[in-house]
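Before any comments, here is the structure.
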Amino acid sequence: MTAESGASLLLVGCGKMGGAMLDGWLAAGIASRVVVVDRAGLPQSVAGDARVTLVSGADALPEGFVPDVIVLAVKPQVMEEALPSYRALVRPGTVFLSIAAGKTIAWFERLLGEGAVVVRSMPNTPAAIGRGMTVAVPNARVSAAQRDLSDRLLRAVGDVAWVEDEGLLDPVTAVSGSGPAYVFFLVEAMAKAGEAAGLPADLAMRLARATVSGAGALLDASVQQQAADLRKAVTSPNGTTQAALEVLMAPEGMQPVMTAAIAAATRRSRELAG
C-alpha cells in the first residue's frame, strides 16, 4: 500500500457497524479497494461503487487478492466458525483488525496461528453515526505503519485511543462499549421521574431525550472544560439543580451505583473472554 493508492481491505461482515466503517473509509479515501464478505449484500449507500466488491465467503475471494487489512466485523458468536477460513491470508503484511467484543488476541492467534498480525479493538454503537469511541490494542507483530493504518480505519467512525495492556479492554468495554445503554436508561429514568412529577408521558420523554443529547453535544463542544465544571456552571446555590444533586451525589446516590455497575460489566467481560 502507498499513500497515493490507498489501502486494500477485506471486510468480513457488513452489518450496522461494518457498513458504517465502510462508508467512512470510502468517504475519506482511505481505501482503494474493499472486498466485502456478507451474504446479506451491500448497504445501499455503497451499491455501485467501483471500489467495492461483494463476495459470498472466503472461498470466493478474487484471484490474487492480498489485503493490507482484514477487518473482522461479524458477531462474536459466529467468529469461531468464520475465522479459520481466513488462515491462508496470514502474512506479515496483513493485519487482522477485530471489532468483536470478548475475543482476545490469544484467541485470534490460536485460530489463525502465532504468526498472525492482530489488532483487537472495542468500538461502541455511536460509531454507526460517526460518533463512536474505540479503544485498540496491538499484538507484538503489528508494525508502526500497520498501527497507523488501523488507527485511520477506526477513526472513520469516531475517536480512537490505544492501550498496550489488553486487560484494560474489560473496563473499557464496561465504560464505553456498554456505556450507551446506561445513557439510554438515564433517559428512560428521567422521563419516568418527569411523569411522576406530573408531566405528560410524551412531553417527559421529549424533554429527557433533548436534554441528554443536548448536554452531550455541549460536553463535546466544551473541550477546555471538565464535566465537573459544566455541572457546577448549571448549579446555582440553593437552587433546583442543587436540590437534585444533593440526592444524586449523596453517599448512597449515583456514584456507588455506577461504580458497582461498571464493576459488574468488567467482571462479565473477563468471564466472556475466557
Side-chain angles (χ1 to χ4, degrees), residues 16-17 76 99 101-102 121-137 154 157-163 165-273:
K16 287 186 178 180
M17 191 73 75
I99 63 170
S121 70
M122 182 67 235
N124 61 9
T125 55
I129 59 167
R131 296 294 304 273
M133 180 68 226
T134 302
V135 178
V137 57
L154 294 170
V157 291
D159 198 7
V160 181
W162 289 81
V163 296
D165 179 2
E166 187 179 5
L168 293 177
L169 261 64
D170 296 311
V172 162
T173 299
V175 173
S176 67
S178 300
Y182 316 154
V183 176
F184 302 147
F185 179 69
L186 174 63
V187 172
E188 294 178 71
M190 288 176 64
K192 287 182 180 178
E195 285 185 65
L199 290 173
D202 58 346
L203 178 58
M205 178 56 74
R206 181 180 177 186
L207 293 175
R209 288 182 65 124
T211 299
V212 170
S213 60
L218 177 60
L219 180 65
D220 190 50
S222 305
V223 293
Q224 301 301 322
Q225 293 180 280
Q226 298 295 320
D229 296 329
L230 294 171
R231 169 178 55 79
K232 291 173 184 176
V234 182
T235 309
S236 301
N238 300 314
T240 58
T241 307
Q242 181 175 324
L245 288 175
E246 286 174 355
V247 176
L248 293 173
M249 299 177 70
E252 69 280 6
M254 181 178 286
Q255 187 59 65
V257 172
M258 183 60 71
T259 299
I262 296 296
T266 300
R267 285 194 303 270
R268 185 58 179 153
S269 179
R270 288 174 179 149
E271 291 169 1
L272 292 173

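Between atom CD1 of residue Ile262 and atom OG1 of residue Thr173 there is a gap of 10.5 Å, rounded to the nearest 0.5 Å. Gln226 contributes atom CD, which lies 9.5 Å from atom CG of Leu219 (distance to the nearest 0.5 angstrom). Atom CG of Leu199 and atom CE of Met190 lie 10.5 Å apart (nearest 0.5 Å). Here CG of Leu248 is found 10.5 Å from CZ of Arg231. Values are rounded to the nearest 0.5 Å. Atom OH of Tyr182 and atom OG of Ser176 lie 9.0 Å apart (nearest 0.5 Å). Thr211 OG1 to Leu218 CG: the interatomic distance, rounded to the nearest 0.5 Å, is 12.0 Å.
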Chi angles and distances behind the side-chain contact (heavy atoms from CB on, under 4.5 Å) call for Asp170, Arg267:
CA-CA 8 Å; Asp170 296 311; Arg267 285 194 303 270; over 6 Å; no

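For the pair Pro123 and Met17, the tightest heavy-atom approach, listed with the atom from each and the gap, is CG-CE, 4.2 Å. Taking every heavy atom of both residues into account, Pro180 and Pro126 meet most closely at CG-CD, 3.7 Å. Looking at every heavy atom in both residues, Pro256 comes nearest to Pro251 through CG-O, 3.1 Å. Pairing each heavy atom of Met133 with each of Val160, the nearest pair is CE-C, 4.0 Å. The nearest pair of heavy atoms linking Gln242 to Ser236 is OE1-O, 3.7 Å. When all heavy atoms of Val163 and Val137 are compared, the pair lying nearest together is O-CG2, 3.3 Å.
In this structure a side-chain-to-backbone donor-acceptor pair under 3.5 Å is missing from Ser269 to Ala265. Side chain of Ser178 to main chain of Ala174: no donor-acceptor pair is present (N/O by atom type, distance under 3.5 Å, no hydrogens or angles).
Salt-bridge check for Arg268 with Glu271: passed, with a basic side-chain N closer than 4.0 Å to an acidic carboxylate O.
The local environment of CZ in Arg270 is crowded, with over 12 non-hydrogen atoms from other residues, nucleotides or ligands closer than 6.0 Å.
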